[in-house]
Amino acid sequence: MSEVWIVAAEAVAALGRSRTEIWARLLAGETGITPVERFSTAPYYCKSAAEIKGLKPEPDSDSRFPSLLSELLHGLPRPLPQGCTLIGATLKGAIDRQEKI
């Protein structure tokens, strides 16, 4: 059996740009759900979402994923331990594609 060590963890969400900030705002009872600003919600029933404000799309693309990934990696220690494996997870799904439908 191999040992697993978690050496760092980070998060970026509508409630904040770090695990510490997100946790503090959750404990304070805050929500990250606000009116959508990135695109027109006129054709949709729901007008609110948990947007991560300030993420910039890549040049020649609508994707904000590289910007999000850059923020997450910035929060990790340097250098990462040799042999380290990064594991990522998202609840985002394919929301960028849904905007274009």
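Residues passing the salt bridge (charged side-chain N to carboxylate O under 4.0 Å, His left out) test with Arg19, sequence neighbours excluded: none. Residues forming a side chain to side chain donor-acceptor pair (under 3.5 Å) with Thr34 (at least two apart in sequence, or on another chain): Lys53. Residues forming a salt bridge (charged side-chain N to carboxylate O under 4.0 Å, His left out) with Glu30 (at least two apart in sequence, or on another chain): Arg25. In this structure Glu58 satisfies the side chain to side chain donor-acceptor pair (under 3.5 Å) test with no other residue, sequence neighbours excluded. Looking at residues two or more places apart in sequence or on another chain, you find no salt bridge (charged side-chain N to carboxylate O under 4.0 Å, His left out) involving Lys56.
For the side chain to side chain donor-acceptor pair (under 3.5 Å) condition, no pair includes a residue of residues 74-83, sequence neighbours left out.
Note: the hydrophobic cluster containing Phe65 also contains Leu76 (ILVMFWY, side chain heavy atoms under 4.5 Å, direct or indirect links).
Between the side chain of Glu71 and the backbone N or O of Val12 there is no donor-acceptor pair closer than 3.5 Å. When atom types are taken as modelled, the side chain of Lys47 and the backbone of Ala42 share a donor-acceptor pair closer than 3.5 angstrom. At distances below 3.5 Å, at least one donor-acceptor pair connects side-chain atoms of Ser18 with backbone N or O atoms of Glu21.
Atom-to-atom distance recorded for Leu55:CG and Ser67:OG is 4.5 Å, nearest 0.5 angstrom. Atom CD1 in Ile22 sits 12.0 Å away from atom CG in Leu27 (nearest 0.5 Å). Put simply, CG on Leu72 and CZ on Arg17 are 10.0 Å apart, with the number rounded to the nearest 0.5 Å.
Ser61 approaches Pro57 most closely through the heavy-atom pair O-CB, 3.5 Å. Considering all non-hydrogen atoms of both residues, Val36 and Ser48 come closest at CG2-C, 3.8 Å. In terms of heavy atoms, Thr41 sits closest to Cys46 at CB-O, 4.0 Å. Closest of all the heavy-atom pairs between Gly32 and Ala14 is O-CB, 3.6 Å. In this structure, Leu68 and Ile52 approach most closely via the heavy-atom pair CD1-CD1, 4.1 Å.
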